[in-house]
Every structure is written in structure tokens, then in C-alpha cells.
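If you read the sequence from its start, that first residue is 1, and numbering goes on from there.
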Amino acid sequence: MIERKITIKTENKLLIDALVDATSLSKQALKTALDKGCVWLKAGKKTNRIRRIKKPLKTGNEVFIYFNEKILSAIPKQPTLILDKKGYSIWFKPAGVFSQGSKWGDHCALTRLVEKKLDRPTFLVHRLDRATSGIMLIAHSKAMAKALSTLFADRLIKKTYLAIVSGDFPHKKISLTSDIDGKHALSHITKLGQNEQKSLLSVHIETGRKHQIRKHLSEINFPIIGDRLYGTAKKNHPEDLQLQAINLAFNCPIDQQPINITLPDEDQLKL
């Protein structure tokens, strides 16, 4: 693992040469690392991810590399395009795919995967946990990102999830209202079915607090199956987190027409 800051002392030195001089990595390994998003450039007050191997650098620039072979060797599952409105697109994010990258890379992040598939800039406007599968919106311009973020902030995008919990969930319908991180949170739960071991729930959230559904269900002693953080699942639990975003409904900010996207039945969680 390499975590290093490199201060550039030679005008117009190429990025790849600066990295070769400062690390023991080969040029091919560095090219892969650059493409996978673990190299950053600080120029002035801005620090941005950089991928251009022949980027000429200025004296005083700072280059940061966060090289972790285990992270960079991960092979992401591929998202599926559901709807392309050019200004934004809607995708099915598989479990295991991050919503966005970290300083250690972004090749397993939805934003980067979509950027490479569509050859367009991508802007994140909402998140799903890595372990959560389901429908996500990606904006392709700053203006569209602002428009969609405003719809989320104004609660004009309806979000519905499926969750599977252990046992017989005792409520046909219940609303959970406990605050999360000191902020109002509201989740509406409807029981859809059960078998001998599990219950299938539909969850509509009116607020978008971090881990809202996972926290609310855990608080009433029905944590989601596969939840290592708020439930009883161990690290080697055989099942993924049984939580999935299956529906988004809103008025399109481009043409004001209603958009109502539901994940196909064959891709939805089932008991």
C-alpha cells in the first residue's frame, strides 16, 4: 500500500514521470492506477482526481497517490441502464457497487462506471449504501444535478424500497418517526408477505437520512437480513443486505412529464 504526497520541483514535469520517480511502481501499474482514480492533483486551492498520464505539472503542484492493490484489483458488477434522458439517466445499481469513489479510487463506483459507459460527465445527486441494490439517478451536467438535488431536497421524488426481515413482522402498516442524528425522519412500512422464516416489507421514505430504513427497522427489533451494522449479521454472512430501492417517481425537470420507474419483477428481492 502506498499513500504519498509528491511536491513537484521541476516545471513541466509529466505526471507519469513524477509518479515513477516517487514510487516503486511500473509505468503500466501507474497507468492502471490513474485510470482507476487513486491519484489526485492539488493546483492552487483545488484538489481534483487526475487521470492524464502526460499531464505537464507546475513547480509547487502537489500530487497525492493512494495505491491499495486489494482495492484496485476489485472487479465491480456492472450497472444496467433503465432510462436515458441525456441530461440524466436512471440505472440499476447492483449490491457491492459504491455510489461514488473515495480517495483510494472510483473504478467500483456507479458514477465512474456510468461515465465510461455513456462517455459523459456524471454528477451524484443521491446515494445508496454499497450493500444496497436498486434504482439510482445520475445527472450529466451541473445544472441538471442542481435541478434533481432540489427535487430531492423538496421531497418531490418518491422513493420506495423492499426490505426482508427475519420472523413474522407484526404490523400490516406502520409509520416510524424516531429522529436520526437529531433530524426528523419518517418511514412508512407495509407488510407484503411472509414465509416461515422471513417477512417482505415495502418501505416508503419521506426523508432521506443516512441509513434511515436500516436504523428504523433495527430500532423496533426487526433489523434487515444481512445488515452487519445495525443487525446481527456477521462478516461472513451468506446473504447480501436484503434492502433494495425498487421505485422512483417524480416529474422530469426537462419536459415536466411524470417519470415512474419500477425495477422489473425478475430483479426484485423475493422471499
Side-chain angles (χ1 to χ4, degrees), residues 75-83 89-100 108-110 113-114 126-138 152 157-176 180 185-250 259-271:
I75 300 174
K77 296 178 182 177
Q78 293 298 310
T80 302
L81 179 62
I82 298 173
L83 178 68
S89 52
I90 301 178
W91 296 79
F92 172 61
K93 183 191 85 66
V97 172
F98 293 92
S99 291
Q100 64 180 358
C108 292
L110 183 66
L113 293 169
V114 170
H126 68 127
R127 292 172 174 79
L128 288 179
D129 296 338
R130 178 190 182 188
T132 302
S133 64
I135 297 173
M136 280 192 66
L137 277 165
I138 295 291
F152 276 107
I157 296 184
K158 181 181 178 182
K159 296 168 283 186
T160 305
Y161 296 73
L162 290 178
I164 299 177
V165 299
S166 293
D168 180 5
F169 193 74
H171 311 281
K172 181 61 181 173
K173 289 188 177 183
I174 187 173
S175 293
L176 305 178
I180 292 177
L186 179 57
S187 304
H188 303 292
I189 316 291
T190 301
K191 183 177 178 181
L192 299 178
Q194 69 179 82
N195 59 23
E196 292 180 358
Q197 294 87 27
K198 308 172 184 177
S199 296
L200 177 65
L201 311 177
S202 172
V203 186
H204 166 55
I205 58 173
E206 292 194 22
T207 52
R209 310 304 179 202
K210 185 177 181 180
H211 296 166
Q212 176 173 324
I213 298 171
R214 297 167 69 177
K215 287 181 177 180
H216 270 172
L217 286 170
S218 179
E219 286 172 0
I220 60 170
N221 298 316
F222 279 91
I224 297 169
I225 290 174
D227 195 336
R228 301 176 189 173
L229 191 56
Y230 302 104
T232 58
K234 304 301 182 185
K235 189 173 183 179
N236 60 349
H237 194 276
E239 290 180 281
D240 291 331
L241 180 71
Q242 298 296 285
L243 177 65
Q244 184 177 68
I246 65 158
N247 177 268
L248 282 177
F250 58 98
I259 300 290
N260 194 327
I261 299 292
T262 299
L263 202 61
D265 183 70
E266 62 268 22
D267 293 325
Q268 293 185 19
L269 291 178
K270 293 178 177 63
L271 290 173

Would you indicate whether the side-chain heavy atoms of H188 and S175 approach each other to under 4.5 Å?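 Yes, at least one pair of side-chain atoms sits under 4.5 Å.
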Test log, rule side chain to side chain contact (heavy atoms under 4.5 Å, CB included), inputs I180 and T207: CA-CA 10 Å; I180 292 177; T207 52; over 6 Å; no
Set of residues satisfying side chain to side chain donor-acceptor pair (under 3.5 Å) with respect to [X], sequence neighbours excluded:
{"X": "H171", "result": "none"}
{"X": "S218", "result": "none"}
{"X": "R214", "result": "D129, D227"}
{"X": "S133", "result": "Q244"}

Parallel, tilted or perpendicular for F152 and H126, by the 30°/60° rule?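 F152 and H126: parallel rings.
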Just say parallel, tilted or perpendicular for the rings of F169 and F222, cut-offs at 30° and 60°.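 The arrangement is perpendicular - the two ring planes meet at more than 60°.
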Qualifying residues under side-chain contact (heavy atoms from CB on, under 4.5 Å), relative to [X], sequence neighbours excluded:
{"X": "A131", "value": "L241"}
{"X": "T262", "value": "N247, N260, Q268"}
{"X": "P264", "value": "E266, D267"}
{"X": "K210", "value": "none"}

Which pairs with one or both residues in residues 215-224 pass salt bridge (Lys or Arg N to Asp or Glu O under 4.0 Å), sequence neighbours excluded?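 Matches after skipping sequence neighbours: D181-K215.
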Which distance, rounded to the nearest 0.5 Å, do you find between the OG of S187 and the CG of L201?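 Going from OG on S187 over to CG on L201, the span is 11.5 Å.
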Taking the side chain from K198 and the backbone from G193, do they hold a donor-acceptor pair closer than 3.5 Å?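 Checking the backbone N and O of G193 against the side chain of K198, no donor-acceptor pair under 3.5 Å is found.
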K270: partners by salt bridge (Lys or Arg N to Asp or Glu O under 4.0 Å), with sequence neighbours left out: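 Result, salt bridge (Lys or Arg N to Asp or Glu O under 4.0 Å) vs K270: D265.
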Side chains of residues 158-168: which donor-acceptor pairs under 3.5 Å do they make with residues two or more places apart or in other chains?
from: D168; atom 1: OD1; to: K191; atom 2: NZ; distance (Å): 2.5

With sequence neighbours excluded, what pairs up with F92 under the ring pair (Phe, Tyr, Trp, His ring centres under 6.0 Å) test?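 Once residues adjacent in sequence are excluded, F92 has no partner under the ring pair (Phe, Tyr, Trp, His ring centres under 6.0 Å) criterion.
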